[in-house]
Amino acid sequence: MTAASDDSELVKTLRMNDLFDFYGNLLTAKQRRYIELYYADDLSLGEIADEFSVSRQAVYDNIRRTGRLLEEYENKLHLLAQYHTLAETASGLGEYVTAHYPADGQLHQLIAALQDQIGR
């Protein structure tokens with residue numbers, strides 16, 4: 001594997017984990033488990049196939065279909081995109097407050113509370 005393909009796999013894994021965080025509860029228990037094992041726990045298709053007593057192809061097909069389903073949810077609901085926009089805005093706001101209102105403790109506390117709420 002080349003460095004570029006390693007990077008693209010990492011980007012895909014991070015995206016699937018993010019989508020799973022937002023939409024995982026919309027999946028079946030089996031879909032959730034396959035995605036968790038493959039993307040979060042980094043198990044191979046063969047290891048997952050052994051655990052479920054199915055073929056590697058069945059695991060691959062399920063993961064691919066579930067990944068497309070997660071992308072469809074995002075295309076319709078945009079929760080992940082909205083989260084990133086909100087997080088970037090809160091970060092920018094925090095930087096602005098730090099630069100222009102360094103002595104305003106209450107404002108800094110409010111920004112910190114906002115950032116805690118969105119998980120940053």
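Keep in mind that the numbers below use all heavy atoms, side chains included, and drop hydrogens, waters and symmetry copies. Start at 1 with the first residue, then count along the sequence. These numbers were taken from a predicted model, which means no experiment stands behind them.
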ask   = When hydrophobic residues are tied together by side-chain contacts of less than 4.5 Å, even through go-betweens, does Leu110 share a cluster with Ile118?
value = no
ask   = Does some side-chain heavy atom of Val97 sit less than 4.5 Å from a side-chain heavy atom of Asp104?
value = no
note = One should read off an interatomic distance between Arg33 CZ and Thr28 OG1, to the nearest 0.5 angstrom, of 13.0 Å
task = Taking ring pair (Phe, Tyr, Trp, His ring centres under 6.0 Å) as the test, write out the residues that go with Phe22, two or more places apart.
result = Tyr83
request  = Could you check Glu72 against Leu69 for side chain to side chain contact (heavy atoms under 4.5 Å, CB included), going step by step and ending with a plain yes or no?
outcome  = CA-CA 5 Å; Glu72 286 176 24; Leu69 184 59; 4.2 Å; yes
remark   = Here the pair of heavy atoms bringing Ala40 nearest to Asn17 is N-OD1, 3.7 Å
key: Arg56 to Ala49 - nearest heavy-atom pair and separation   = N-CB, 3.8 Å
ask   = If you measure from CD1 on Ile35 to CG on Asp41, what distance do you get to the nearest 0.5 Å?
value = 11.5 Å
request  = Drop me the distance from Phe20's CZ to Leu26's CG, to the nearest 0.5 angstrom.
outcome  = 10.5 Å
request  = Give a yes or no on whether the backbone of Ala81 and the side-chain of Glu74 come within a donor-acceptor separation of less than 3.5 Å.
outcome  = yes
query = Which distance, rounded to the nearest 0.5 Å, do you find between the CG of Leu70 and the CZ of Arg15?
reply = 9.5 Å
request  = Specify the closest pair of heavy atoms between Ser55 and Ala58, including all atoms of both residues, with the distance to one decimal.
outcome  = OG-N, 3.0 Å
message = Can a donor-acceptor pair be found, under 3.5 Å and without considering hydrogens, that links the side chain of Tyr23 to the backbone of Leu79?
response = yes
remark   = Tyr38 meets the ring pair (Phe, Tyr, Trp, His ring centres under 6.0 Å) criterion, sequence neighbours left out, with none
message = Quick one, Glu9 with Lys12, criterion salt bridge (charged side-chain N to carboxylate O under 4.0 Å, His left out). Give me CA distance, side-chain angles, the key distance, then yes/no.
response = CA-CA 5 Å; Glu9 283 300 313; Lys12 182 176 181 176; 5.6 Å; no
ask   = Got a second to check how far Asn62's CG is from Ile48's CD1, nearest 0.5 Å?
value = 9.5 Å
inquiry  = Could you check whether any side-chain N or O of Ser91 sits under 3.5 Å from a backbone N or O of Ala87, counting only pairs where one atom can act as donor and the other as acceptor?
reply    = no
ask   = Measuring from Gln31:CD to Glu36:CD, what's the distance to the nearest 0.5 Å?
value = 12.0 Å
inquiry  = Walk me through whether Thr13 and Asp42 qualify under side chain to side chain contact (heavy atoms under 4.5 Å, CB included).
reply    = CA-CA 9 Å; Thr13 296; Asp42 200 29; over 6 Å; no
key: Side-chain heavy atoms of Phe52 within contact of Leu37, under 4.5 Å   = yes
request  = State plainly whether one hydrophobic cluster holds both Leu86 and Ile111, where clusters connect Ile, Leu, Val, Met, Phe, Trp and Tyr through side-chain heavy atoms under 4.5 angstrom apart.
outcome  = no
request  = Taking atom types as modelled, find out whether Glu71 and Asn75 have a side-chain donor-acceptor pair closer than 3.5 angstrom.
outcome  = no
